[in-house]
Amino acid sequence: MVSTQVVTGIGVSPGRAVGPVVHLPDAVAEPPAGRRLPPGADTDGAAEEVARAAAAVRDELDAAADAADGEVAALLYATAAMAADPSLVADAQHRVRTEHLVPERAVWEAADAVCAQLEALGGYMAERVRDVLDVRDRLVARLTGQQAPGVPVRTSPYVLVAHDLAPALTATLDPARVVAVVTAAGGPTSHTAILARARGIPAVVAAAGALDVPEGTVLLVDGAAGTATPDPSDEAVARVRALAGATRTFDGDGRTADGHGVELLANVGDPAEAQAAADSGAQGVGLFRTEFAFLDRTQAPDVDEQTAAYGRVLAAFEGRKVVVRTLDAGADKPLPFLHAAPEANPALGVRGLRVAQARPDVLEDQLTAIARAAAAHPGTTTWVMAPMVATVDETEHFVAACARHGLPTAGIMVEVPSAALLAGPLLAHARFASIGTNDLTQYTMAADRLLGDVAALSDAWQPAVLRLVEATCQGGAAQARPVGVCGEAAADPALAVVLVGLGVTSLSMTPRALPDVAAVLAATDLATCRVLARRAADAPSAADARAAVRAGLPVLDELGL
Ligand code: PEP
Ligand code: MG
């Protein structure tokens with residue numbers, strides 16, 4: 001079926017762009033089962049080909065990583081390491097030598113075995129399956145002389161349409177060539193969505209019908225509204241082109257049109273990202289995710305190693321504030337040394353601060369390291385917060401533990417409805433709250449944040465989520481404590497206005513979103529933020545909330561957001 005209708009999905013990376021549709025090429029075909037080397041063939045030589053292909057794919061990905069930065073570079077380096085994974089290569093070589101399989105078939109079967117192991121581990125590990133399959137396809141393409149799977153090469157910019165995109169592929173997209181992405185599958189907090197945002201490429205996911213738009217059709221993609229319009233009017237195209245020339249920067253001072261200050265902060269995933277975030281003008285770090293130091297480990301890193309790593313982030317923000325979040329392991333980030341037995345519902349299991357009950361030593365070491373790093377960087381204001389707090393008891397214990405380590409500014413993340421409803425009592429103990437809208441949405445709507453099928457529910461515009469944000473702000477106001485937001489919602493300029501209107505005092509986001517959020521806030525006075533917040537929280541649905549707010553913010557249109 002050929003579609004000329006507007007295709008709607010979920011906007012996950014704001015911005016508008018127009019270009020002809022190019023479909024992602026078909027996946028690399030599976031080499032036939034049982035295809036073997038001819039009798040008498042050089043099996044050692046064939047096995048060696050696997051190693052050579054792995055090294056070449058690794059080099060190619062490393063080179064792409066060298067040319068990228070931050071989150072994108074980290075992801076590419078991780079995929080490159082996977083390409084050179086000695087166990088995958090050794091398994092494939094073993095299959096060549098013992099079963100006489102042709103190298104491409106051996107790679108295919110070895111990758112299948114790795115995927116089966118990852119799937120059995122579940123959670124975060126199971127998510128790596130897609131990365132392994134990406135590596136497998138790259139290896140098979142190289143071994144069979146096919147064009148590497150991935151982004152088509154064209155001489156002029158285009159809109160990439162696909163069923164779904166692997167994170168490694170999204171990471172390689174050049175915004176000058178691929179002006180927008182539309183996928184039929186995917187969810188708003190999928191890696192692909194997060195990477196598209198980090199690269200500044202407008203993106204719409206979960207857009208059923210996208211694949212029906214024929215190659216070459218001119219498509220206008222609105223990554224905020226979540227629409228893709230085939231054959232747009234000349235006027236609409238001219239507007240998008242006019243806006244495309246404008247680049248915005250953030251001057252390091254977040255405030256509304258009438259001067260109400262809103263701290264605009266950065267989310268940082270590891271020390272490498274910290275300098276880029278500081279250079280982007282961020283007023284501080286609102287969420288420093290410390291998991292990077294623990295993932296892929298068999299043991300927790302020792303205090304010295306943690307101190308050095310945290311110190312690198314604090315150093316980049318001399319004179320500014322850094323909110324360090326203690327380890328958020330569990331759920332989609334299980335750690336073998338903390339989670340021995342698999343859980344039936346890991347998102348509802350022992351994750352975040354809950355881990356500290358069974359393993360107080362892990363929290364103690366981490367607080368020791370944070371305190372030492374803070375002492376070594378007295379010019380940086382170091383705050384600490386715990387993830388997944390649900391009760392007053394947990395808050396009291398955490399705040400007391402921080403105090404014992406000489407960390408007086410201890411706060412909590414509000415990610416569980418319980419914490420939002422109890423914000424007042426919790427903030428009688430904690431010095432601040434930071435709302436993690438990714439998890440707060442997941443737990444409020446009972447919708448897995450990684451599952452594309454429930455993407456419409458996993459939307460921070462859901463009025464129930466906004467009402468819990470409001471309840472948290474009321475609890476904060478009652479205790480005169482600041483309440484920030486550090487989930488993905490803070491990076492949506494229209495939603496940022498709503499959050500400020502609900503009483504949020506700081507917004508922490510991917511650094512790339514800072515200029516847009518700052519520009520929209522600077523054009524909106526606090527009274528308007530409050531009116532729009534009321535409309536959104538009282539709306540009957542997420543779609544109505546979004547539409548009502550967007551209708552009240554003509555600046556979005558002016559800025560092309
Ligand atoms: C959140 O849940 O919104 C959050 C910021 O934490 P994470 O995405 O790391 O779970
Ligand atoms: Mg969270």
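Both ligands and their constituent atoms are indexed starting at 1 by order of listing. By convention here, the first residue in the shown sequence is residue 1.
- Here Arg289 has side-chain heavy atoms under 4.0 Å from ligand 1, and that is the only part of it that gets that close.
- A salt bridge links Asp328 and Arg351; the closest N-O separation between the charged side-chain nitrogens and carboxylate oxygens is under 4.0 Å.
- Considering Val469, Asp492, Val549 in turn, Val549 is the only one that fulfils the side chain to side chain contact (heavy atoms under 4.5 Å, CB included) rule with Val498.
- Nearest residue to atom 4 (C) of ligand 1 from Gln442, Glu488, Met388, Glu415 is Glu415 (criterion: closest heavy atom).
- Taking every heavy atom of Gly487 and a limit of under 4.0 angstrom, the matching atoms of ligand 1 come to 3 (O), 5 (C).
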Exercise answer: donor-acceptor pairs, residues 381-388 side-chain atoms, under 3.5 Å, sequence neighbours excluded:
none

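- Taking only nitrogen or oxygen atoms, main chain and side chain alike, Arg449 reaches within less than 3.5 Å of ligand 1.
- No hydrogens or angles considered: a donor-acceptor pair under 3.5 Å links the side chains of Glu364 and His405.
- Within a radius of less than 2.8 Å around the Mg ion (ligand 2), the protein N, O or S atoms are Glu415 OE2, Asp439 OD2.
- Of all the heavy atoms of Leu440, none lies under 4.0 Å from any atom of ligand 1, so neither backbone nor side chain is involved.
- Taking atom 6 (O) of ligand 1 as the reference point, the nearest protein heavy-atom neighbour is Arg325 NH1, 3.0 Å.
- For the side chain to side chain contact (heavy atoms under 4.5 Å, CB included) test, residues two or more places apart in sequence or in another chain that qualify with Ala542 are Asp459, Trp461, Gln462.
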Note to self: One pair to check against side-chain hydrogen bond (donor to acceptor under 3.5 Å, both in side chains): Thr368 and Asp365. What are the steps and the verdict?
What the structure shows: CA-CA 5 Å; Thr368 305; Asp365 279 359; 5.1 Å; no

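- Arg255 contributes no side-chain N or O that, together with a main-chain N or O of His260, makes up a donor-acceptor pair within less than 3.5 Å.
- Those atoms of ligand 1 with a heavy atom of Leu287 less than 4.0 angstrom away are 5 (C).
- Put simply, no part of Glu291 is less than 4.0 Å from ligand 1, judged by heavy atoms.
- Among residues two or more places apart in sequence or in another chain, the ring pair (Phe, Tyr, Trp, His ring centres under 6.0 Å) test is passed with Phe250 by none.
- Environment of CD in Gln357: sparse, with no more than 12 heavy atoms of neighbouring residues, nucleotides or ligands closer than 6.0 Å.
- Contacts between Asp328 and ligand 1 below 4.0 angstrom, taking non-hydrogen atoms only, involve the side chain exclusively.
- With hydrogens and angles left out, the side-chain atoms of Gln306 and Asp302 include no donor and acceptor closer than 3.5 Å.
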